[in-house]
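A short worksheet on the structure shown next.
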Amino acid sequence: MAALLRSARLLKCSPAALSTLPCVSCRQYGVVPEQRGLVKDEPSVAVRSKQAQQFDWALAKLDSSVRRTGRVTKTLLLRIFHDICRTGYPSGNQALLLLRSCGSLLPEVPLAERIELSQQIWDKLQELGTTYDVSHYNALLKTYLQNEFRFSPTDFLTKMESANVQPNRVTYQRLIAAYCEVGDIEGASTILGFMKSKDLPITEAVFNSLVTGHARAGDMDSAEGILSVMKGAGIEPGPDTYLSLLNVYAEKGDIAKIKQTLETVENADILLMDRDLMQVVFSLTKASHQQHVPEIVEHMRHERGYVPDAMNLCLSLITHGHEETAFSVLKSFTGLLVESQTSDSPDLGNFFLRHCANMDKPVENIVGFCKDLKDSGLHSSPLQFTLQCALEAKKTGMAVELMRSMKEEGLPLRPHYFCPLFTHYQKDKNIPGTLQALRAMQELGVASDVDTFSIYILPSFPSVDSARTSLKEAGIDVDGNILIAAELRTEASRGNLAGLFSLMSSPALPNIDLSAFRASLISGFRGLFAGLQYFCCSGPTEAPFVYLYDSINVFIESRKCQIGSSLLFAENVAYFLYNLIDSLNETEVHSKEEQIREYFGLLKNMNISISLNIFRGIRNILESYQVPELVKSPFKTIRQYLCIHKLERALELKTQYETDMTPAAYATLINLCCRHDNAEEALKLKMELARKDSDAALDAQKYVALVRVLSKHGKLEEAIDMLKEMKEKDVQLRDSTIGLLTLTMNTAAMKGDANTIRRLQETIFTLGLAKPSSNLCSPLIACYLESENYAGAFDATVEVQKQYNQMPKIHDLICGLVEKGDAELLQKVMEFLSQERGEMMMLYDLYFAFLQTGRYKEARKIIETPGLRARPTRLQWFAEKCIAAQQMEPLENMVDMTVKLFECDRDDMYHYLLRLCKETNDWQKAEATWMKMQEENLAPRERTLRLLADILKNNDKEVPFEVPEVKEPIRSDSMGMVLSPAPYDTLIKTLLASGNIEDAMAVKNIATDHIPGFSLSDNANNLLIISQVKRCQMKDAMGTLKGMLQADQVPTQLAITRLVQGLASEGNSQDIQEAEALVKTLGSIKLSSMLFVNNTALAHIKKYDIDSAVELLESFYIQNTENQKSSISFVFRKVLDANNDAVLDKLSAMAERLCNHFASYRAATDLFLIYLDTGRTEEAKFLLQVPSLTNQDIHTVYTCFLMRGYFSQRSVRTLTHFSTWRPLQHYYFMRPDMCRMKYCMFSPSLSTGLDKDFSSAKALYERMQAEGVKADELTLKRLALLYKEAGETVPFEEPPESFRFYADKLNKQRSESMEPANN
């Protein structure tokens, strides 16, 4: 074919046009890239599996972006590209996905950059071993066409032939389009003739290209005549054909012909989408006929998806230098955006302003756009936003000019506007740039403050003196006080206390507010109380108590004037006592019992109290040293009979030893009675237990077993009493026990006892033992369905939905009505579903019922409803149901019917079908499914191909496609060949993933023998680190990390995290510090800011060096008092999980010290939240009694709690309990400014904990009114709904807007309050 084309007239290509492309030359891009280099070995199954996962991930990311915005950002595309390259073995599917994204999906990227990007991707993936087939060449052709790149079709075909890739019909179609783009009808005709000779079908796409080709060749008559030719060939012109005609009219500026064609299209009942008309707008603008754009815009119907398409049109126009036209298009659809705007401060046009800034559009034009947007009320602060974009893009000149415009308009200029510029210059140590920005600040009249100098300016200079010199030489005037304060802060933060003292001792030091450098100064004096601790923790060991008593008196008398309060002293005394007792062994504790008691008396006489945390620690130590005698009882015999389920003998023994029965023995005996279905005896035993020990409680499983047997035997009231007792004794239900409750109610459903089910459900949900769920609510509906009482089932469904917001068994109800043919009741059910769940969900419910009952004709009508979109979770639900029941017919029909369903993942659908084929071992159906997939032109994922191959292989059938298998390393001398590194690396990663380090290293040695310079890839080394950590080979893991860094490889976040955590578990703090130093050389890895701090502390704790852990964490928070975002929840959680009360006591005391002495509340907040989430209410209460916290900053702790959205079920319940705690309640009632805080305590309960519980919500609302707590609109909206559902009159004016409106408003208010809460 290439030779045939050489005899024809070659494509006219302008070298001058190509030379204008940046970094693009004719030599580089004039022809298709050649497949060069050796073809690498096929990757193994493990690698292909990884490729499939990465392909799914990349596809999901790109698909999500295209679905939401209709475009892909270059940043996202490059991120996916680099992630794929890091694996070392990109697949063909991944290459195809990347190439297809380099065209019109990148409207923000200039055409030349798109081409360069596609070339980069092609070359790199080919270098990594990707083998290109015809689909890749076709994708590259499409990229060339979309980016208007001129190339030689002849050379393109030549390169394909040299790569042994045969072109197909799509290739020829796109080559015809390339010829037609430049008006070369002769070249297009040559390919067209070749297609005819090969009997390849001539599709509508070919005719559309010919319309464009004739028009660009100047023959409009022939272009228009193509439509007649199409009809003669039996092809009816469609929307794409008319769009091609409209585009060529637009290029000519023939608006009359455009209007005539639009009228023809409308009369022919052909639908042109808004997106099609936008292409006409783009063609008009590019051809300098933008005056006709408004007339085309008027024809747009603003259909679904209009806004993102219009935004992409604006971006493309800006990219091509037509921002004025883009702005007119923007203003044409801002009305739609205004309708969806929920904020009081509009910000429409952000995307437009950002792209103008990124594309370096003239500042005067941008300022004009901003003025227009603000005057139109479309944007509240356009200039400020554009300035932000310019600063983010590091466009200094544009940023300064924008600030000049802001100043001219009287807008305030803030010092922090310059911070991004200073940060950029500071990173590069660009002193001239820093001075330039400072000069601009002065010219604009913006005063620099201490923060600006200390954080951004001074670090750019080698020293403060050099900064002074440079500022003076540049003629920049700086307030001396600000510079000195910044110098003080810098010296303090660096820990240079000598220099700091020298500065502060200087007579020339001006009067500077301490708050300017208070936080930095605190870190320099963090050892202030070290002497005091040493004093309390030393002394003669022979008589520690007497010595301490004398020392206490001396110390108090000598330090009264300095301390002013005995709080700090008492704290150190308590620590001394704890450390003393902790250092004694059991024998010493017993021998010194009298001395310990004497010391307690001394403390009491001195009015010194010990904190609760330290008391708990001492108590735990003393209790652990007690060795109570083993209790010998006859219950071992009873337990033996219980184990073999001998109930009668166990009861006899119980009677014999009744006086010695313990609660545990009763509980076991009650459980055995329940197993034997003996309700009378079980209830009798429970009553006996209650008489003996009213506080004794059974575990959840035994309570539920008792409820089940009692309700089964008609003792409903007694069963309900058991549920109430569970609530009173705070017995928590787990998922397994909730399942037993469902089973209990299902037993009643089989008997048709709806009353029992209702009573049990009402009790369970009202008491809050379990949340309403579909499983717990389903027995009531099942009770009616069992007797085919569908009207009763529907009434029960409505009842459950209104009370508990659940709709179980709805599929079974609809199926029953369809089979029964009760159209009237079915209509009522559909109306109810539409009202409660929306029309689309109702249609799916009806669709699945028709499929289930074999009404496939009716099902097809439902699924073809206009506007219906795929709902993957609903489709998966029915597919899984069919697979579980092995129902092939309804599943196969669903797959066939959804072929044209919008956004339906066809690979998922066929995968469901093949899964059922494998379950039933139906290889004939699987083979037929494979044929359907080919007819649908579907590119299946690796998992689908693998599943199909398994089915065929298991039935000894030929697999019609290649499924690569794992290849063992092949010695070069056995087959006369040498493998590339890929198979070795793949096998090594496979072995490491299974934890087989020895075999992996053996394979590495083989590879090293055969391939000089062989080394493990990044991924393999990361897997090796993780595997070594799992084996506790920490020394080897550290060596692997060092080797990676020496080889310029980048370890993953997971590998570093696992390594550091492993080192902490061994108590190796030294290696953690070394790892931290190594990782700091890598700037690209995003690790938790507290990873090394937390794990170093845990390493100290592991080595029983608790003081070092406390000192590390305490010094960290002292040095970072202004940063309250660093959390040590991980440390608290680990300590609590290990039940290490001794460590917890010291950490708790540390948190209190940070609150008391340094106004640092983050550690206390973390501990408070951990206490709440683990149900330690008393400890949480005690924490709130810290004097400084109670007096001034309890609001900060609660605000942090609420703003973080930290509402687990338990924490919401605990917070509700806190709102009734008298000391806290008194505090808030005495503080008028804390009304909002009171509401914050009520709000989680009202909106989260009491949903659908009208009586509780009503009582809580009345209490809020009585206490003067004002509810916001969202809470009132929810309350109004509860009142309506309960049939009561709403006692207040219901907010008129939607729930979403008030939720967004509340979220905004909370986000705005985050900054003051943190500060």
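Since we're looking at a predicted model, the values are computed, not measured.
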### Query
Given the rule in the side chain to side chain contact (heavy atoms under 4.5 Å, CB included) test, do L246 and L272 qualify, once you have shown the distances and angles that lead to the verdict?
CA-CA 11 Å; L246 286 169; L272 283 177; 3.7 Å; yes
Quick check against the 3.5 Å criterion: does [X] have a side-chain atom that pairs as donor or acceptor with the backbone of [Y]?
X    : Y    : value
R71  : L105 : no
R100 : A139 : no
E839 : S834 : no
H289 : A287 : yes
K407 : L444 : yes
S376 : L373 : no

### Task
For S244 and Y249, run side chain to side chain donor-acceptor pair (under 3.5 Å): C-alpha distance rounded to whole Å, both residues' side-chain angles, the deciding distance at 0.1 Å, then the answer.
CA-CA 9 Å; S244 299; Y249 287 145; over 6 Å; no
### Query
When you check the gap from the basic side-chain N to the acidic O, do E224 and K257 get nearer than 4.0 Å?
yes
### Residues E251, K286: salt bridge by 4.0 Å N-O rule
no
Are any non-hydrogen side-chain atoms of [X] and [Y] less than 4.5 angstrom apart?
X    : Y    : result
H379 : F352 : no
E108 : K74  : no
M311 : T69  : no
M220 : H214 : no
C389 : L353 : no
M840 : L843 : no
T143 : R114 : no
K331 : D372 : yes

Calculate, to the nearest 0.5 Å, the distance between atoms [atom1] and [atom2] belonging to [X] and [Y] respectively.
X    : Y    : atom1 : atom2 : answer
L210 : F207 : CG    : CZ    : 7.0 Å
C356 : I366 : SG    : CD1   : 5.5 Å
L387 : S405 : CG    : OG    : 10.0 Å
I258 : E263 : CD1   : CD    : 14.0 Å
R404 : E401 : CZ    : CD    : 5.5 Å
L77  : S118 : CG    : OG    : 10.5 Å

### Message
Under the criterion side chain to side chain contact (heavy atoms under 4.5 Å, CB included), I'd like the reasoning laid out for F369 against K361: C-alpha separation, chi angles, the key distance, then a yes or no.
### Response
CA-CA 11 Å; F369 297 146; K361 297 303 176 184; over 6 Å; no
Between [X] and [Y], which heavy-atom pair has the shortest distance, and what is it?
X    : Y    : result
C370 : T386 : SG-OG1, 3.5 Å
R174 : L141 : CB-CD1, 3.9 Å
K374 : P382 : CB-CG, 4.0 Å
V329 : V281 : CG2-CG1, 4.5 Å
M359 : P110 : CE-CG, 4.2 Å
R837 : R874 : NH2-NH1, 3.9 Å

### Task
For atom NZ of K142, decide whether the heavy atoms of other residues, nucleotides or ligands shown that lie under 6.0 angstrom number more than 12.
no
### Heavy atoms of other groups near E1294 CD, more than 12 under 6.0 Å
yes
Any side-chain donor-acceptor pair under 3.5 Å between [X] and [Y]?
X    : Y    : value
E181 : Y144 : no
H299 : D274 : no
T873 : Y844 : no
Q388 : E392 : yes

### Query
Which is it for L411 and Q384 under the side chain to side chain contact (heavy atoms under 4.5 Å, CB included) test, yes or no, and what are the steps along the way?
CA-CA 9 Å; L411 296 173; Q384 292 91 326; 3.9 Å; yes
### Passing option when N208 is tested against D240, N247, T241 for side-chain hydrogen bond (donor to acceptor under 3.5 Å, both in side chains)
T241
### Task
With sequence neighbours excluded, give me every salt bridge (charged side-chain N to carboxylate O under 4.0 Å, His left out) pair touching residues 289-300.
K259-E295
### Task
In sequence, state the C-alpha distance, the side-chain angles, and the governing distance for L98 and I80, and then conclude on side chain to side chain contact (heavy atoms under 4.5 Å, CB included).
CA-CA 8 Å; L98 293 172; I80 293 173; 4.0 Å; yes
### Task
Sequence neighbours left out, what passes side chain to side chain donor-acceptor pair (under 3.5 Å) with T203? Give chain and number order.
Q173
#### Entry: Mutual orientation of the aromatic rings belonging to F149 and F151 [parallel < 30°, tilted 30-60°, perpendicular > 60°]
parallel
Show which side-chain atoms of residues 313-321 pair as donor or acceptor with protein atoms under 3.5 Å away, not counting sequence neighbours.
residue, atom, partner, partner atom, Å
S316, OG, N312, O, 3.1
T319, OG1, P107, O, 2.7
T319, OG1, L315, O, 2.8
T319, OG1, H355, NE2, 2.9
H320, ND1, S316, O, 2.8

